[in-house]
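Values below: all heavy atoms of this structure, side chains included; hydrogens, waters and symmetry mates excluded. A note on names: the letters A, B, ... follow the listed sequences, proteins ahead of strands, and every chain is numbered from 1.
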Amino acid sequence: MAEKELLQERERKLRAIIQAGIYPYGGRFDRSVPAREVADAAGDVRLAGRVVTMRNHGKAAFADLEDLSGRIQVYFQQDVLGSVFDLYRLLDIGDIIGISGEPFRTRTGQLTVKVKELTLLSKSNRPLPEKWHGLKDVEIRFRQRYLDLIANPEVREVFIARSLIVSRIRQRLNEEGFLEVETPMMHPIAGGAEARPFVTHHNTLGTDLYLRIAPELYLKRLLVGGLEKVYEINRSFRNEGISPLHNPEFTMLELYAAYADYNVMAEIAEGLILYLLETNIPGVNRSGNRVNYQGVEIDLSPPWRRATLSDLMKEHAGIVDLRNQGELLTCLQKEGAPLTGAETVFDLLDTLFKLKVQPKLVSPVFVMDYPREISPLAKSKPEDVKTVERFELFIAGMEVGNAYSELNDPEEQRRRFAEEVKNNRPDRPKVVDEDYILALSYGMPPAGGLGIGIDRLVMLLTNRPSIREVILFPLLRPQNGG
RNA sequence: GCGCCGUUAGCUCAAUCGGCAGAGCAGCUGACUCUUAAUCAGCAGGUUGAAGGUUCGAUUCCUUCACGGCGUACCA
């Protein structure tokens with residue numbers, strides 16, 4: 001039937017209900033139990049939820065009522081309900097109702113509530129997606145996520161799992177003495193990562209501002225201020241491509257601990273993720289320390305491998321010297337990688353790493369010790385100034401974490417920033433962040449810092465193939481006149 | 001940005017080589033007081049994403065556009 005006619009049909013019922021003197025959008029309704037707990041209830045129950053199926057039998061009818069906890073069958077009989085049964089006849093799938101009644105078992109043993117009172121709490125004016133096949137159209141799923149949540153129970157489970165994951169991260173960090181803080185999302189200089197920022201404008205101040213690409217530089221100012229262990233879980237924004245691993249706004253955990261270093265950060269990252277497994281979150285797809293991600297078994301049993309970038313490049317790509325442009329180029333050409341010729345040695349290194357090494361990093365690996373030039377905020381290794389104490393954590397071939405021993409030498413930091421500015425590459429800072437250096441110059445304790453991509457971690461733990469499956473409202477192109 | 005694929009009823013999907021656009025669910029009418037993917041009888045439901053072209057004839061072939069997916073580029 002044409003959508004218009006379906007809407008007219010619902011409109012007709014809505015008018016009939018109003019005609020009968022019933023306001024179709026009710027108010028407070030005190031429930032005695034969630035649907036899932038009806039079996040344990042003594043005496044009558046009061047329930048509310050959405051009508052998801054209806055099976056009419058003339059002077060009686062069964063319906064399934066769904067609330068957050070689950071579904072329960074309810075039974076309407078004309079001889080019990082009298083004129084209220086007429087209201088039942090005007091209900092549609094999708095309506096939200098409250099009922100009170102007596103639990104019983106049907107002949108086949110199905111737990112059911114025999115309805116004694118019926119309250120219409122919200123009339124639904126549009127048809128819901130189909131009950132059996134659910135809602136599959138990904139565009140509708142993302143644009144109208146509420147329909148996805150109604151029609152697809154596993155989607156609901158993923159987002160509940162995500163909420164629990166985040167809350168348990170907070171719980172764990174709080175227990176370990178970390179202080180949760182909130183730092184600016186609008187920055188005068190976009191720093192703390194290399195990424196193209198979104199630009200916005202403050203009218204009264206008459207100044208452009210950048211949506212933050214990372215909270216890092218503000219969190220470290222707090223270390224200067226004596227807040228020794230801080231963390232923030234919130235959005236960062238990067239004006240870059242969209243892919244199954246990238247959404248323009250995404251959620252990061254960043255934490256900093258004074259007097260620690262990147263080795264401590266590795267322990268924290270490992271401990272945190274294992275803790276999430278241990279706490280048995282429904283929807284987290286684990287058995288023991290193993291998770292299955294997209295058909296691949298991943299063993300997260302500690303200790304996780306720690307290998308230097310240099311060793312891994314040797315192991316998987318046969319590269320002996322990370323800084324040998326010719327060697328990297330030869331290897332990439334052999335792989336048939338498309339190159340423009342304008343790549344720096346570090347671009348080549350990164351490309352080759354992504355091509356040859358990253359896909360092999362299925363079990364968790366801390367990739368340790370990166371070139372200084374691509375890590376301007378990390379502290380050099382004492383024995384090798386060109387290499388910094390930094391790791392990236394890879395699981396299932398996916399980068400989920402990044403950590404440093406934080407650079408706390410203001411003069412060295414200024415040189416690193418100045419070098420970036422001098423190189424003048426697109427999307428890199430055009431000015432030295434003197435305000436940050438000012439903070440460092442008051443003395444920042446040595447510290448370890450760790451960032452974890454929450455969206456990707458949730459993908460891993462809930463076995464979702466795309467970041468859009470773990471973000472409630474992923475960015476899509478606007479539909480009309482955008 | 002670029003490349004490939006997709007878009008058919010409210011939802012899930014069919015439609016042979018270019019030859020009358022179809023089914024299930026949802027909806028409507030009737031029957032039915034223990035059904036549960038209720039059942040039975042009947043009815044209705046379409047700008048085939050949009051615009052243009054080729055053709056006697058286009059869901060099908062071509063062009064452009066919109067939106068989405070994947071890949072790629074970008075992304076320390």
Side-chain angles (χ1 to χ4, degrees), chain A residues 1-10 12-13 52-64 71-81 85 92-94 104-112 114 125-144 147 150-152 192-197 213-214 238-248 250 309 337-340 344 346-347 349-351 353-354 367 370-378 388 390 392 399 402 404 420 425-428 451 465-466 468 474 476-482:
Chain A
M1 192 181 283
E3 184 171 27
K4 194 175 156 195
E5 295 165 58
L6 292 170
L7 297 186
Q8 282 170 351
E9 197 50 49
R10 294 208 172 212
R12 181 183 67 77
K13 292 178 184 171
V52 290
T53 67
M54 299 170 87
R55 295 174 292 283
N56 298 334
H57 293 268
K59 298 186 178 62
F62 292 91
D64 289 328
R71 282 187 186 192
I72 183 76
Q73 179 169 265
V74 295
Y75 184 43
F76 298 88
Q77 286 178 111
Q78 191 173 52
D79 56 13
V80 171
L81 292 167
F85 197 74
D92 283 302
I93 288 173
F104 73 105
R105 298 266 171 189
T106 65
R107 238 182 255 160
T108 53
Q110 170 79 47
L111 182 65
T112 303
K114 183 181 288 186
N125 293 327
R126 288 177 171 275
L128 287 182
E130 202 226 353
K131 63 181 174 183
W132 192 242
H133 297 92
L135 177 66
K136 295 191 176 170
D137 184 315
V138 292
E139 199 173 340
I140 300 176
R141 288 187 49 229
F142 297 156
R143 288 194 196 276
Q144 295 179 273
L147 294 178
I150 291 168
N152 299 321
E194 179 175 320
R196 207 183 321 165
I213 57 176
R238 297 187 183 178
N239 200 344
E240 288 160 0
I242 298 175
S243 84
L245 287 171
H246 300 85
N247 195 62
F250 62 102
L309 177 63
L339 297 170
T340 66
T344 67
F346 304 110
D347 292 333
L349 177 63
D350 184 53
T351 304
F353 178 84
K354 280 177 176 151
V367 180
Y370 282 71
R372 180 187 62 190
E373 291 85 343
I374 56 173
S375 314
L377 299 164
V388 296
R390 169 184 182 184
E392 290 193 344
E399 182 194 336
N402 185 20
Y404 319 133
E420 279 191 295
R425 302 192 66 208
D427 305 326
R428 291 226 190 166
S466 163
R468 298 183 196 90
L476 299 181
R477 192 182 291 271
Q479 270 174 313
N480 300 313

Novice: Counting any heavy atom closer than 4.0 Å, what does A:Tyr75 reach on the DNA or RNA strands: base, sugar-phosphate only, or nothing?
Specialist: base
Novice: Using a strict 4.0 Å threshold on nitrogen-to-oxygen distance, state whether A:Asp79 and A:Lys59 make a salt bridge.
Specialist: no
Novice: Under 4.0 Å between any heavy atoms, over every strand shown, what does A:Lys354 touch: base, sugar-phosphate, or nothing? Just pick one.
Specialist: base
Novice: For the pair made of CD1 in A:Ile242 and C1' in B:C70, what is the distance, rounded to whole Å?
Specialist: 14 Å
Novice: Check every atom of B:C75, B:G68, B:U12 against the side chain of A:Asp137 and return the nucleotide holding the closest atom.
Specialist: B:U12
Novice: Quick one: does A:His246 reach the base of B:C75 with a side-chain donor-acceptor pair under 3.5 Å?
Specialist: yes
Novice: Select one nucleotide: of B:C74, B:C34, B:C13, the one nearest the side-chain heavy atoms of A:Phe62.
Specialist: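 Minimum distance to the A:Phe62 side chain belongs to B:C34.
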Novice: Distance check needed: B:A26 P versus A:Asp64 CG, whole Å only.
Specialist: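 The distance from CG of A:Asp64 to P of B:A26 comes to 13 Å, rounded to the nearest Å.
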Novice: Of all the nucleotides listed (B:U36, B:U12, B:C70), which has the minimum atom distance to the side chain of A:Gln110?
Specialist: B:U36
Novice: Mind calculating the distance between NZ (A:Lys4) and P (B:G10) to the nearest angstrom?
Specialist: 13 Å
Novice: So what does A:Phe104 hit on the nucleic acid, given a heavy-atom distance under 4.0 Å: a base, only sugar-phosphate, or nothing?
Specialist: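 Counting heavy atoms under 4.0 Å across all strands, the contact made by A:Phe104 includes a base.
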Novice: Out of B:U35, B:C70, B:C67, which has the shortest distance to the side chain of A:Gln73?
Specialist: B:U35
Novice: Can the positive tip of A:Lys114 be found less than 6.0 Å from the middle of the six-membered ring of A:Phe104, inside 45° of the ring normal?
Specialist: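 Checked: cation-pi criterion met.
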Novice: For RNA chain B, what is the dot-bracket line, given that a base pair needs Watson-Crick (N1 to N3, plus N6-O4 or O6-N4) or G-U wobble (N1-O2 and O6-N3) geometry with both distances under 3.5 Å, and | means paired with another strand?
Specialist: (((((((..((((.....[..)))).(((((.......))))).....(((((..]....))))))))))))....
Novice: Taking the basic N atoms (NZ, or NE/NH1/NH2) and the acidic carboxylate oxygens, is any pair closer than 4.0 Å for A:Arg141 and A:Glu139?
Specialist: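 Salt bridge flag = no for A:Glu139 with A:Arg141.
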Novice: Please enumerate all residues that pass side chain to side chain contact (heavy atoms under 4.5 Å, CB included) together with A:Glu420, with sequence neighbours excluded.
Specialist: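 Side chain to side chain contact (heavy atoms under 4.5 Å, CB included) list for A:Glu420, sorted by chain: A:Pro376, A:Phe417, A:Arg428, A:Pro429.
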Novice: What is the nucleic acid contact for A:Pro371, judged by heavy atoms within less than 4.0 Å: base, sugar-phosphate only, or nothing?
Specialist: nothing
Novice: Rounded to the nearest 0.5 Å, how far does OG1 of A:Thr351 lie from NZ of A:Lys354?
Specialist: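 Going from the NZ atom of A:Lys354 to the OG1 atom of A:Thr351 covers 7.0 Å.
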Novice: Side chain of A:Arg55 only, heavy atoms from C-beta on: which candidate in B:G27, B:A38, B:C67 is closest?
Specialist: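 When the side chain of A:Arg55 is considered, B:A38 is the closest of B:G27, B:A38, B:C67.
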Novice: Could you work out which one of B:C70, B:A44, B:U33 sits closest to the side chain of A:Glu5?
Specialist: B:A44
Novice: Can you tell me how far P in B:A21 sits from the matching atom in B:A26, rounded to whole Å?
Specialist: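 Per the computed distance, 27 Å lies between those P atoms.
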Novice: Output the single nucleotide from B:C32, B:U29, B:U12 whose closest atom is nearest the side chain of A:Arg12.
Specialist: B:U29
Novice: Quick one: list whatever passes side chain to side chain contact (heavy atoms under 4.5 Å, CB included) with A:Ile140, sequence neighbours left out.
Specialist: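 Applying side chain to side chain contact (heavy atoms under 4.5 Å, CB included) to A:Ile140 gives A:Leu135, A:Asp137, A:Gln144, A:Leu147.
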Novice: Which nucleotide in the list B:C34, B:C75, B:G69 gets nearest to the side chain of A:Glu240?
Specialist: B:C75
Novice: Are side-chain N/O atoms of A:Arg390 and A:Asn402 paired as donor and acceptor at under 3.5 Å?
Specialist: yes
